[in-house]
Amino acid sequence: MKRMHANHEISSYTSKMLMDIAALDQHAMIQITDLQARIIEVNDCLLSATGFSNSELIGQSASSLYHDRDRPMAFEIRDKILAGLAWTGEMRLMRKDGSVMWTQATIVPRRDSEGALVGAISIRSDISESKFADHHNDLTTTLHKLSDEVYMIDSDTFSFTYMNEAAMRRAKTNESGYDNWNLRKLFSDQEFDGFVQRIAPLLDGKTDQVHYDAVLFNVPYELRLQLYKAPAGKRIIVAILRDKTEQAEIERVRAELLATISHELRTPMTSIKGAMGLLLSNAAGELPEKARGMLSIAYRNADRLVMIINDILDIEKIAAGQMDFDMQVMPLVVVVEEAIAANEQFANRFDVSVSLVEADRDAAASFDFGRTLQVLTNLLSNAAKFSPPGGRVEVVMKRVKDRMRISVRDFGEGIDEAAQASIFERFTQAASGSRRGVASTGLGLNIARAIMDEQNGSIDFVSRLGEGSTFFVEFPLVKVGSIYDTDERDGDKQVEGA
Amino acid sequence: MLRLMHVEDDEDIREVAKMALEFSGQFEIIQCPSGEEAIERAPEFKPEVLLLDVMMPGMSGPTTLQHLRKIDGLQDTPAIFMTARAQPSEIEELKAQSALTVVVKPFDPITLGDQIMAALRG
């Protein structure tokens, strides 16, 4: 009777244990390894969670499933098992699709019927979701106080998963208020389609950041979008929005200030230069020789002041990104010839002749006519200023690979090596410039470089003392089927004061 | 001699421009310190060319031109703006307002008359 009772107890205990194992098998990932830590058996739960098949895992080292950074744990685990102890801890496994799975693992020694160590059994549960939540919390704590608005949006569902304080202030909501918000509902169809197009390169992995300006809900924003791959495999779009209202206002005020300075300085200069110019041309009668000399000095310096005003305004415009560029594809020879003609009178003052010794009439580029004329005028007037009386300046157009080089060569003193390094810096002048009483601001080449940069071109020079200098600009050549009508361009020219 | 109406609020610039245009010997000149006065005097003077400052207190140059265009005989009168605001975009904007061309300040008084004549010839 006693034996029957004992058998029943054993049977009941075995049955309960089998049920426990079955339950464990359902909910935990189980893996059995041999003494060399090679996998000899895995359960369905592990196969399903990792995406591998049974044949892909059997015979592999247990650590082959580990995340790179967690591989060193294999040694720690081995030591514990060999000592007959269990190991417990968190570990990342790699799924077959390359994604990461955080697991809570317990690995215990496995013994045979005689008690000898034959391997290990590991029992794991997937804790990715809670890990992601922890990670998310760390991240959001940092983001929460940012002055920029930060929104996190699930890339699959477009539902909002996070807003920082600035974003909630803008959206007039609180932490529990945006639970059911979805971008599809907040945006119009057009806005939503536009957003989807913007994030496509992010989702395709073609770029790691998208940056653009947009007006959203009547507010001008600078948007930066990044894709955040959460540990659980979720892909979250992190949108950082910077309100540009204040910046736009600063830019508007700056532009207005520039225009006002331009107007307020040029208006009195019009009277000053005009009056002196008329006196010098004897419009008010013949001037005594000494008076003419003094007036010439004043006129020359008034001229210089106008140049400085123009140059400083240009520098300001470049710095503020407000310099207009009307880029058009046209033959470069047109602007070269225009620049030579416009500088003829100036060169004559120095008894210098300017000639186009090599022209390329087919070479076309995309450039702003007025600004390029400004650059070439600067190079030609510098060349004339630094040429000896009776000297010559040569202009050459030459193809250099896929670029057109326009060179302006003088045969003056050249620039010494010490001055060459800073020739494109502001307020730099070659020493001999002032010797000839020539107006110069020392800003021209700096502006020329900025203009060439804006036009995807370049500017450089070569110079040797005693032999002269060659300054050159280069433009990327553009192939065109038909180029514009020269006569039409000429008819468009503005009349400008000297 | 072409009848030229010059509208400019700055007295000194008026003086310089008057001497410059007289110096060229090609114009009969009338000068007005404001757009309002130009509109009042234009029907009697019947200008053949208009030279208008852009930024003036009260009525601006472009607004003055709009009003002058409504006066009989001035619908197609060549108009030239003078401006100290020399951004290419500003100049293009002015040209778009039925102006023949734009003279940028400071102008060269010696060549001002020739510049105007060249613009009229096209």
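Numbered from 1 within each chain, the chains take letters A, B, ... in sequence-line order. These values consider heavy atoms only, across backbone and side chains, with no hydrogens, waters or symmetry-generated copies.
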field: 4.5 Å side-chain heavy-atom contact, D314(A) and Q374(A)
entry: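 With C-beta onward as the side chain, the pair touches.
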message: Just so I know, are the side chains of M5(B) and C32(B) near enough to count as touching, which here means a heavy-atom distance under 4.5 Å?
response: yes
Closest non-hydrogen atom pair, P62(B) against Q97(B): CB-OE1, 2.9 Å
Distance-minimising heavy-atom pair for L51(B) and M82(B):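 L51(B) and M82(B) have their closest heavy atoms at CD1-CG, 3.7 Å.
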message: Please classify the contact between D12(B) and chain A as side chain, backbone, both or neither, with a heavy-atom cut-off of under 4.5 Å.
response: both
query: Going by the angle between their ring planes, with limits at 30° and 60°, are F367(A) and F475(A) parallel, tilted or perpendicular?
result: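 F367(A) and F475(A): tilted rings.
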query: When only pairs under 4.5 Å are counted, which of A302(A), A284(A), A283(A) shares the most heavy-atom pairs with chain B?
result: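 Max contact count across the listed options: A283(A).
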Pairing of D108(B) and K273(A) as salt bridge, 4.0 angstrom limit: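 Looking at K273(A) together with D108(B), the answer is no, because their closest N to O distance does not fall below 4.0 Å.
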Proximal to chain A - members of residues 13-31 of chain B, heavy-atom separation under 4.5 Å: I13(B), V16(B), M19(B), A20(B), F23(B)
message: Donor-acceptor pair, distance only, cut-off 3.5 Å: does the side chain of T111(B) make one with the backbone of D114(B)?
response: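 Not at all, since once roles are kept as given, no pair shorter than 3.5 Å links the two residues.
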